[in-house]
Amino acid sequence: MRVRFAPSPTGHLHVGNARTALFNWLLARGQNGTYILRIEDTDAERSTRQSEQAILDDLRWMGLQWDEGVEAGGDHGPYRQTERFPIYADHTHRLLQNGKGYYCFCSAETLEAQRKAQLAASLPPKYAGTCRNIPAAEAARRRSAGEPAVVRLRVPENREVTFHDVVRGPVTFHTDVIGDPVLVRSDGFPAYNFAVVIDDALMAITHVIRGEDHISNTPRQILLYEAFGWTPPAFAHLSLVMGPDHAPLSKRHGATSVREFRDKGYLPEALVNYLALIGWSPGQNDELLPAAELARRFRLENVAHSAGVFDEDKLAWANRHYLRLCAPDRLAALAQPFLRERGQIVGDLSAGAGAWLEAVLPGLAASIDRLPQLADRLEAVFRRPAAPLEKEPGLPEVAVALADELGSGSRLVNKDLFRAVAARVKDRTGLKGKNLFHPIRVILTGANEGPELDLIVPAIERAAELPRDCGLAEVFGCRERAQWVARTLAA
RNA sequence: GUCCCCGUCGUCCAGAGGCCCAGGACGUGGCCCUUUCAAGGCUAAAACACGGGUUCGAAUCCCGUCGGGGACGCCA
């Protein structure tokens with residue numbers, strides 16, 4: 001089995017396309033097939049090398065590495081369409097020879113006028129066939145005289161074309177609704193339908209898995225396979241990914257590209273797992289599974305027929321799951337850019353600071369949706385209590401007692417030390433439970449809410465012990481915080 | 001306008017004629033846990049688009065209606 005993902009490099013990877021890539025990848029991985037990446041860059045206007053690179057990056061970030069294709073090589077290259085022009089020229093020649101293709105000299109303006117007229121007359125807009133019967137000799141003469149022309153496919157009249165879509169079953173089109181498609185543009189560039197067919201055939205693709213928007217291209221392509229005398233591959237059309245309003249997912253729905261989700265702090269395994277769940281189910285009431293297991297269970301036949309709405313809440317749920325599974329060192333590495341952006345990391349991290357992050361982050365990651373929220377949780381460490389202080393009962397007493405307790409002892413670098421001090425403050429103030437801990441929280445973190453004190457107090461204290469040039473923003477210890485609050489309140 | 005695809009809880013899926021007065025997940029409500037916000041655990045509400053057939057029996061098959069989407073490009 002050989003499958004391919006064939007993006008056109010005209011922008012970042014859209015999650016809908018990422019899902020198509022994923023389904024191809026899942027099938028190949030699960031069936032011991034070959035997953036090929038081809039770049040369809042025949043649109044000279046919009047294709048850029050930067051976009052191509054961005055797409056490759058996004059694919060790799062998701063872990064969807066290809067076995068064959070651009071930057072990976074293989075026996076069926078080149079894998080960039082703009083590098084295959086001689087191949088297309090050769091095949092154009094073949095079609096012109098056997099009469100399945102012909103030159104069309106109609107100008108773009110003429111065609112546009114015809115199209116408008118047809119639409120106005122409530123007719124299906126399709127090529128009228130004006131140049132169909134120009135004798136080959138005359139066409140050749142006009143060509144050599146320099147007259148611009150495209151090459152079209154001669155679509156047989158009054159026939160039905162049926163293919164068996166692996167996800168939907170049989171689909172039939174009548175050739176009368178299909179106008180002769182352009183194969184080669186007047187600038188010599190191959191048109192989409194022409195290039196895909198030649199590439200899929202020559203690259204020995206066995207299963208073409210793509211978006212539903214290609215269903216109506218399929219009969220044209222099958223006719224082309226016939227014109228070349230080739231056997232078409234199996235086709236599978238995936239339904240589209242929609243926004244909450246059931247319109248195709250687009251910018252106005254918010255994030256749509258893989259890059260944006262990456263920047264928002266989603267883990268690749270969460271995106272991959274969630275995307276697999278749109279239009280497919282691993283069965284057995286399991287949903288959160290590693291990619292290898294998804295691949296093992298994946299069957300094209302079980303893919304849903306209807307469009308799916310992208311639900312970021314569910315993505316976030318998957319992300320929470322993978323955030324908890326994330327190893328400390330990886331978590332620290334992933335979090336760094338976000339902490340830096342927030343000014344919590346200001347320089348090169350020392351080994352000690354790195355270790356501090358690895359120790360602190362996993363605990364905080366247990367209760368967040370996305371990476372940047374790590375910085376939110378960390379605010380408790382980097383922020384100092386500041387005026388005006390909440391006028392809360394118990395606050396001054398607790399501040400005094402806490403400052404006093406912390407004044408002499410060592411820093412509260414673990415939960416037990418913190419609890420011991422809290423117990424002493426409790427004895428001195430007679431406050432307990434919420435009435436004790438809330439003031440402590442306000443005094444130490446300057447906020448009404450945040451991570452558990454058991455977690456955050458040792459984090460503050462350990463950070464405060466780090467050398468000033470460790471790469472972290474300055475952190476004041478609990479002692480300094482308590483003293484400052486006690487002093488401020490007394491004044 | 002024409003052709004094609006699709007139609008189960010708000011959302012994503014399970015369901016391939018009796019196992020379904022429809023199951024799971026996200027989200028939502030409630031409860032529990034708790035020194036806060038979260039997270040977590042438990043629990044509840046919530047759907048077979050509509051109308052005709054076929055059949056002893058239909059969410060499952062057929063037809064129609066309605067609704068949604070796609071295509072009709074010298075874009076891919």
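All values below were derived from every heavy atom in this structure, side-chain atoms included, with hydrogens, water molecules and symmetry-related copies excluded. Proteins come first, then strands; the chains are lettered A, B, ... in the order of their sequence lines, and each starts at number 1.
- In this structure, A:Leu249 places its CG atom 14 Å from C1' of B:U11, rounding to the nearest Å.
- In this structure, B:C74 makes no Watson-Crick or G-U wobble pair, since no nucleotide meets both defining distances under 3.5 angstrom.
- A 4.5 Å side-chain heavy-atom check between A:Leu111 and A:Cys106 finds at least one atom pair inside the cut-off.
- Pair check for B:A16 finds none; no Watson-Crick or G-U wobble contact set falls under 3.5 Å.
- Base pairing annotation: B:U28 forms a Watson-Crick or G-U wobble pair with B:A44, both donor-acceptor distances under 3.5 Å.
- Residues A:Arg419 and A:Asp454 are paired through a salt bridge, judged by an N-O separation under 4.0 Å between the basic side chain and the carboxylate.
- Per the geometry, CZ belonging to A:Arg299 stands 17 Å off C1' belonging to B:A14, to the nearest Å.
- The partner of B:C21, taking Watson-Crick or G-U wobble pairs whose two distances both stay under 3.5 Å, does not exist in any strand shown.
- Between the A:His207 side chain and the A:Ala236 main chain, no donor and acceptor come within less than 3.5 Å of each other.
- Summarising the geometry, the separation between CG on A:Leu294 and P on B:C12 is reported as 19 Å, rounded to the nearest angstrom.
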Exercise. Walk me through it: do A:Tyr266 and A:Tyr274 pass the test ring pair (Phe, Tyr, Trp, His ring centres under 6.0 Å)?
Key: CA-CA 11 Å; A:Tyr266 288 99; A:Tyr274 172 65; 9.2 Å; no
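- Two residues, A:Gly433 and A:Trp280, neighbour RNA chain B, and the one matched to the more 5' nucleotide by heavy-atom proximity is A:Trp280.
- Between the side chain of A:Arg320 and the main chain of A:Ala366, no donor-acceptor pair closer than 3.5 Å is present.
- A 4.5 Å side-chain heavy-atom check between A:Tyr192 and A:Val197 finds every atom pair outside the cut-off.
- Side-chain N or O atoms of A:Asn193 include none that pairs as donor or acceptor with a backbone N or O of A:Gln221 at under 3.5 Å.
- Only the P atoms considered, B:A16 is 23 Å distant from B:G10, to the nearest whole Å.
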Practice problem: Produce a footprint string for nucleotides 66-76 of chain B: one letter per nucleotide, 5' end first; B if the base is under 4.0 Å from any protein heavy atom, S if only the sugar-phosphate is, - if neither. | Solution: ---SSSBSBBB
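- As judged by a 4.0 angstrom heavy-atom cut-off over every strand, A:Thr172 is placed among residues touching the sugar-phosphate backbone only.
- A:Thr218 places a side-chain N or O within donor-acceptor distance of the main-chain N or O of A:Ile215, the cut-off being under 3.5 Å.
- Heavy-atom minimum distance, A:Gln81 versus A:Thr42: OE1-CG2, 3.5 Å.
- With rounding to whole Å, A:Asp311 atom CG is found 10 Å from B:A25 atom C1'.
- Atom pair A:His305:NE2 and B:C12:P shows a separation of 15 Å (rounding to whole Å applied).
- Counting non-hydrogen atoms under 4.0 angstrom, A:Arg210 reaches nothing in the nucleic acid.
- Taking atom NZ on A:Lys314 and atom P on B:G27, their separation rounds to 9 Å, with Å as the unit.
- Rounded to an integer number of Å, the gap from CD of A:Glu287 to P of B:C13 is 10 Å.
- Atom C1' of nucleotide B:G24 and atom CG of A:Asp286 are separated by 10 Å, given to the nearest angstrom.
- Not a single donor-acceptor pair under 3.5 Å links the side chain of A:Arg210 to the backbone N or O of A:His237.
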Exercise. If a protein heavy atom is under 4.0 Å from the base, mark B; if only from the sugar-phosphate, S; if neither, -; do that for nucleotides 36-46 of chain B going 5' to 3'.
Key: BBBSS------
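- B:G64: Watson-Crick or G-U partner is B:C50, with both key distances under 3.5 Å.
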